[in-house]
Amino acid sequence: MAMTLIQRIDVTTNANLTYTFSSIPQTYTDLLVVATAQSAGSGTDNITMYINGNSTSTNYNNILFRYTQSIGLNGDYVANSYFFAISPGQTGFPTFAGSGIAYFPNYTNTSTQKGWNAKTGSSVNASSTGSIIGLFPTTSNITAAITSITLSGYGLYPTSNSTFSLYGIS
Amino acid sequence: MPATWTLLATANAAGLAAGTFSSISQSYTDLVIVCNTRVTSAWDVQAFQLNGAGSGYDQIYSEGKGNTTGTGTAQIAYRVNYIPGTSYSGVWDTSVYHLSRYSQSNTFKTLLTQGGAGANGSFFAQSTVSTYAGATTAVTSIVWGTANGGTYAANSTIKLFGILAA
């Protein structure tokens, strides 16, 4: 009984858009993903997350409940699976990263639509529009057991020193 | 992030409206409750009682639903998070609750909640802090259930973990 690190991905190149935890053991109760990422591109971007290789955005549904200093408390919903915002393009703050923690309950169940519950944030600087804190729970229409989880830049590539960790909880 | 989690109990909640985690071990630092639930009614609200107490709770919450947001406070015993039901086809709650320093006998207890589910903007993302100020005794039992009396759907589970500080 424990919280066990199944796999940690340390990004060492700026050349890959996606990173996948594959062949996830089916021996745990729940899964936890802990991630921190940044990008060298311009403009803000998101890390998205999808399961079992199914990257079709319409198979997922997000709530984006968030606070930013410039907008205030804000809500939105999208047919996508945003995990957390990264703010690479903030002028003068190229190395600030976004982070997220996502909890997947009952991932081995084959009868229920899979979803996860994510807490996210990125603090760029006190006056930047790139700073954000939010809850981004996601529901998918996938009922199969989760055997892989992919994290992907939405448009920009995660850069070196980004890290993605998968834990099994039992 | 705590170094160790230990699964203390799994409640298969299908067909039930409430249940109890009793005789909770006092050997851990904190407790975590994970709900993966639906109800057979339109919707309901997840509820907890510490040591069976039906009152003495204070909450502050923030929530998003579609394009709308809300914040507020409440003193409703139990209220912590919404549970989807027949009004939200195929949607499951994935909430995580953290009860810190539950074994101390000289402090009020605080339950931190993070939960929600995507449902085309019709369901909630929610964060709640709930303090039980009715007593300072250690928590040895937790009643879980639906605040409005709804029944949990098949495959609904409520898990109790004990965690130790790193």
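Keep in mind the model is a prediction, meaning the values are calculated, not measured. Lettering of chains follows the sequences in order, A, B, ..., and the numbering in each one begins at 1.
Between B:Thr71 and B:Tyr61 there is no side-chain heavy-atom pair separated by less than 4.5 Å. Side-chain atoms of A:Asn52 and A:Ile146, non-hydrogen and from C-beta on, do get closer than 4.5 Å to each other.
Contacts between B:Val34 and chain A at a heavy-atom distance below 4.5 Å involve the side chain alone, from C-beta outward. At a 4.5 Å heavy-atom cutoff, B:Lys65 makes no contact with chain A through either its backbone or its side chain. Contact annotation for B:Ala153: neither backbone nor side-chain heavy atoms come within less than 4.5 Å of a heavy atom of chain A. Using a 4.5 Å cut-off between heavy atoms, B:Ser122 does not touch chain A at all. Looking at A:Ala118, only its backbone comes within 4.5 Å of chain B, counting heavy atoms on both sides.
Chain B is approached within less than 4.5 Å, heavy atom to heavy atom, by A:Asn106, A:Asn109, A:Ser111, A:Thr112, A:Gln113, A:Gly115, A:Trp116, A:Asn117 from residues 106-117 of chain A, ordered by number.
Using bins of under 30°, 30° to 60° and over 60° for the plane-to-plane angle, the ring pair B:Phe124/B:Tyr82 lands in the parallel bin. Note on ring orientation: taking the six-membered ring where Trp is involved, the planes of B:Trp5 and B:Phe161 are perpendicular (angle over 60°, cut-offs 30° and 60°).
No single ILVMFWY cluster, assembled from side-chain heavy atoms under 4.5 Å apart, contains both A:Phe65 and B:Tyr97. Neither A:Phe104 nor A:Ile63 shares a network with the other; the hydrophobic side chains, linked directly or stepwise wherever heavy atoms of I, L, V, M, F, W or Y lie under 4.5 Å apart, form separate groups for each. Grouping the Ile, Leu, Val, Met, Phe, Trp and Tyr side chains by contacts below 4.5 angstrom, directly or via other members, places A:Ile142 with A:Leu31.
Of the residues considered (A:Thr138, A:Asn74, A:Leu135, A:Asn62), A:Leu135 shows the highest number of contacts with chain B, using heavy-atom pairs under 4.5 Å. Contact count versus chain B (heavy atoms, under 4.5 Å) is highest, among A:Asn141, A:Asn61, A:Ile169, A:Thr139, for A:Asn61. If you tally non-hydrogen atom pairs under 4.5 Å between each of B:Gly116, B:Gly66, B:Cys35 and chain A, the highest count goes to B:Gly66. For the set A:Thr29, A:Thr4, A:Val78, A:Leu5, the count of heavy-atom pairs under 4.5 angstrom toward chain B peaks at A:Thr29. Per-residue heavy-atom pair counts under 4.5 Å with chain A were compared for B:Asn67, B:Thr157, B:Thr10, B:Val96, and the maximum is reached by B:Asn67.
Proximity of the aromatic rings of A:Tyr60 and A:Tyr50 is defined here by a centroid distance below 6.0 angstrom, and this criterion is not met.
Under the 3.5 Å distance criterion, with hydrogens and angles disregarded, a donor-acceptor pair is assigned to the side chains of B:Ser130 and B:Gln59.
The minimum heavy-atom distance between A:Tyr103 and A:Leu32, with the atom names listed, is CD1-CD1, 3.6 Å.
A side-chain contact (heavy atoms from CB on, under 4.5 Å) with B:Asn81 is found for exactly one of B:Thr128, B:Asp93, B:Thr37, namely B:Asp93.
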